[in-house]
Each structure stands twice: as C-alpha cells, then as structure tokens.
Amino acid sequence: LHKHRELEPRAAVESPNQRRTAERHALAPNTLSAPGVERGRERMSPPVAFLKTHRTGASTVQNILFRLGERENAAFAFPSHTLQFHYPERFRASFVDELPLGLSEFDLLCSHMRLDLQEVRKVMPQNTIFITLLRDPIKTFESVFRYHTSSVPAFLRAHRAASHTGRSALSIFVESPETFWHPNETRNGLAKNPLSFDMGLNHQKWNGSWPEDLARLEEAFHLVMIAEHFDESLVLLGALLGLDHEELAYVRLNARARNSITEMDEKTQAKIRSWNVLDTLLYDYFVQVFWEKAAQFGLERLKLETAGLRGSVEKVRQRCISRSEVAPGELEDLLRPWQTDTATIVGYEVRGNLSLQDQGFCVRMLLPELQYHSHLYFRQYARDMRAAPAD
Ligand SMILES: Nc1ncnc2c1ncn2[C@@H]1O[C@H](COP(=O)(O)OS(=O)(=O)O)[C@@H](OP(=O)(O)O)[C@H]1O
C-alpha cells in the first residue's frame, strides 16, 4: 500500500486540522484483503450508492463501505475535487472523477452530495443498491447547527447575534429563524430541513408533489437506515450486501465532544421540530418503511442478528481501542478527525503492540473520512485528491 499522503485542504486554517508533525504514516496491510487483491478485482458484493447525509452517523457507514471497497478492490465513484460532489449543488454525473483505467463501471459511491437520482443512475450500474441513513430530525439539526455554524450563513448570523447574550446560538436561531435565513441564499441548504435537502427534495416548503416524491424515494432506495436503530440497520445492510458481522463491525466515528453538544430544553426542541417539519415527515415515513423491511426480514431473526453484531462490535473495540473520546490535540495526525471552529470532534487511540495485520485492520476501522478517502483516492488514481477549483 502506498504511504498515506498528507493533504492540504483549502480551508485548513484552524490549528486542530493542521498537520503538526512531519511524520508520515504507512497504512499497514489490509488484513481482510486476499493477497494480490491490489491487482485483480475481487468484487463479490453488488454495486452500492450510499447517499451520505449530514450529521446522521453516515461517516460510520461510509467507513464500512470504504473497508468493503478496499477489500474487494472496488472502483469508487469519487468526486473530481475534494471530498464532496460540489455540495450543496444538486448532484450531476459530471461531478464524478474519471473511471479508473481499463474499467467500464464504478462499484461504490459514498461521498456527500445533494441527491439527484437520475444523475446518480447515469454514473452507477443498473443493478446498484441504493442506501442512505436518516437520523431523528431534532438531533440532526442540533448537530448540523453546531458543526456547520461557520459554513452556513444563516447559522453564522445567529451565532453572531448570540454572542454576549449568554444564550445558545441554536435557541436564538429557532426563536425566529426567518430573521437569519434567506430562501435564495446559497449555502443555506442545511439551515432548514437538512435531511430533505440532502435527499434532493424541496426542503423549503411542502408542496403537492411531496407525497409522490417520497414514494419515488421509497421505490429507489433498497434501504433507508435509521440512526436510532443503527445496529438493526446494519444487519439489514449486511443481508443486502452479503456482509458478515465482522465486516459490519464499526466504531462510532465523527462524534462531537460532550462540551460541543448544545443542551436543548423542550421549547427549543419543539421549535426545531416545527422549523424542520419536512424532515419530521421524511423521517417518520422512513421509520415506518424501515420496520416494514424489518418485519419482512423477521423480527426475531433481526433481534438475534443484532445481538451477534453487537458482540462483534465489542470484540473489535477490545481488540483495537485503548482510549475513546480522545481530544483532537492528543491524537496522531492519521487518526485525527476534521475539526470545525464550533465543534470539537473526538477520536480514538489505537492499541499499541498490535501485530501488523491487526494494525491494518484497526487503523482502517478508526480512520476519519478525510484520511481514508485520500488513501483510497491515491490508491485508485496514483495521485492526490484535488483541492476545490478556484472560484
Ligand atoms: N453508530 C452510530 N450511531 C448513532 N450515531 C452515530 C453513530 N456513529 C456516528 N454517530 C453520530 O453521527 C454524527 C456524525 O455524523 P456524520 O458522520 O454523518 O457527520 S458528517 O456529515 O459526515 O460530518 C455524530 O453525532 P453528534 O455527535 O451528535 O454530532 C456522531 O456521534
């Protein structure tokens, strides 16, 4: 495997994201790879398009898919620039990088985008499995607000208005969101119904086509996972993709430190719900669809499999992690998640004295998105991921 390449993201101004050591890390071999997998393609699973929604637990699912793709030497449909498909623009097939030399189709797509189903279908093979992940809209919004405060104009205004008031920017925002939010302003997609926005729906207001749009999404997606039933969701994902418990085992990635979570009283929660009413509609709809799928799978079987998966998750934690919820400043570069100026994202310390094989397995399990993406991108194209084009 190539050496992990350091990246200089365009916006790397905050010290928590700066590479503080000159150390370069080689990723130890992927223990789950069959020998020689670097050369030949060893695809066993169907092609997958994973719509990576914001602040839902999607990096954790993406990590499972990254590991799957690396193991099987899959061709990733990566964005041509950065980690995201020109977000928050609506996805277009032209945002995808070229097919790797000698290949005729992509196998996996799992980077952030605003969905356009027809455009994704132009990129992915016909038998692609479509999956995504939704989270309780109140929790999602609180997380999105805190994490993306500086990059979403409406949030930034509320943040400024809150300074010196002793109140949270979130409570000030939801008290009168229209004061801070302008419908035509770009980069405000996440400021109202972020889940619906990512799903490509009209996220500003309900209209007559909503029921039809929801039904179309239901038809298109083989599985809409639910973060509140994360393990059950993974069991259903495993059944779709033919993955066993060890392949589905995960650690919770991209989580905020406790002091970066805004406490919400009931009034604030109710206001968040009403500002994001379309997300509630979307979420409730797919929770119901989820339990229909679970019933088809068999509820007793689901319970058993979930317990089995949890056992594997626990084993992986024991095997790989020496410390959890580690502050970014204490993490080595390779394992430090991307930070924003309004949220601290914690990570993990990998156990010392691991065999080379275990190191390869464990480091991949804990790799934050940027590091894993750039590793896979380099592996696929033998060049570094491109920075965002200049405006
Ligand atoms: N397994 C599992 N179950 C439940 N919740 C989980 C899980 N994995 C990650 N998380 C929580 O998801 C939040 C991060 O989401 P994303 O990775 O989608 O964020 S991002 O959009 O890629 O930045 C982040 O939420 P907050 O900590 O509330 O911000 C994570 O804690």
Side-chain angles (χ1 to χ4, degrees), residues 9 11 16-17 50-66 79 82-85 87-88 110-115 131-152 155 170 189-191 194-195 197-199 224-238 248-264 269 272 279 283 287 290 306 309-310 312-314 316-317 321 324-328 336-348 365-373:
N17 292 315
F50 172 56
L51 172 65
K52 186 175 190 276
T53 45
H54 283 82
R55 306 305 300 166
T56 55
S59 303
T60 303
V61 175
Q62 184 194 48
N63 178 279
I64 294 170
L65 296 174
F66 275 168
T82 79
L83 294 180
Q84 312 185 352
F85 292 108
Y87 194 83
C110 52
S111 305
H112 280 302
M113 68 161 74
R114 181 171 193 215
L115 182 67
I131 54 176
T132 190
L133 172 65
L134 299 178
R135 184 185 187 187
D136 174 90
I138 295 177
K139 291 190 213 151
T140 305
F141 193 78
E142 185 275 320
S143 180
V144 162
F145 186 96
R146 186 67 184 249
Y147 187 85
H148 291 284
T149 311
S150 303
S151 53
V152 174
F155 294 166
L170 178 62
L190 289 173
L195 297 169
F197 182 79
D198 282 353
M199 291 287 263
V224 176
M225 294 182 276
I226 302 293
E228 284 63 39
H229 309 294
F230 199 83
D231 294 337
E232 289 82 355
S233 295
L234 287 186
V235 168
L236 296 188
L237 178 70
L248 292 168
Y250 66 91
V251 300
R252 174 188 282 244
L253 295 175
N254 218 355
R256 283 172 298 159
R258 283 156 210 250
N259 62 7
S260 287
I261 296 173
T262 309
E263 280 195 27
M264 299 172 284
Q269 292 189 39
I272 292 178
D279 272 6
Y283 178 79
V287 167
F290 177 82
T306 302
L309 171 62
R310 287 184 179 147
S312 295
V313 166
E314 194 41 45
V316 160
R317 293 186 67 92
I321 296 173
S324 300
E325 295 191 39
V326 183
R336 186 184 309 122
W338 180 259
Q339 307 291 313
T340 70
D341 54 0
T342 45
T344 301
I345 304 296
V346 289
Y348 300 89
M365 183 80 64
L366 307 178
L367 265 189
E369 175 180 12
L370 172 64
Q371 286 88 324
Y372 211 162
H373 178 113

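Model, not experiment: these values are computed from the prediction. Start at 1 and go down the list; that is how both ligands and their atoms are numbered.
Sorted by chain then number, the residues whose non-hydrogen atoms approach ligand 1 to under 4.0 Å are K52, T53, H54, R55, T56, G57, A58, S59, T60, H112, R135, S143, Y147, F230, Y250, R252, L253, N254, A255, R256.
For the side chain to side chain contact (heavy atoms under 4.5 Å, CB included) test, residues two or more places apart in sequence or in another chain that qualify with S143 are R55, R135, R256. Every residue two or more places apart in sequence or in another chain that forms a side chain to side chain contact (heavy atoms under 4.5 Å, CB included) with A249 is listed here: S312, V313, V316. F230 pairs by the ring-ring contact (aromatic ring centres under 6.0 Å, His included) definition with Y250, not counting sequence neighbours.
Between P328 and Q339 the shortest side-chain heavy-atom distance falls below 4.5 Å.
Aromatic pair F197/H54: ring centres not closer than 6.0 Å. Between F155 and F141, the ring center distance clears the sub-6.0 Å criterion.
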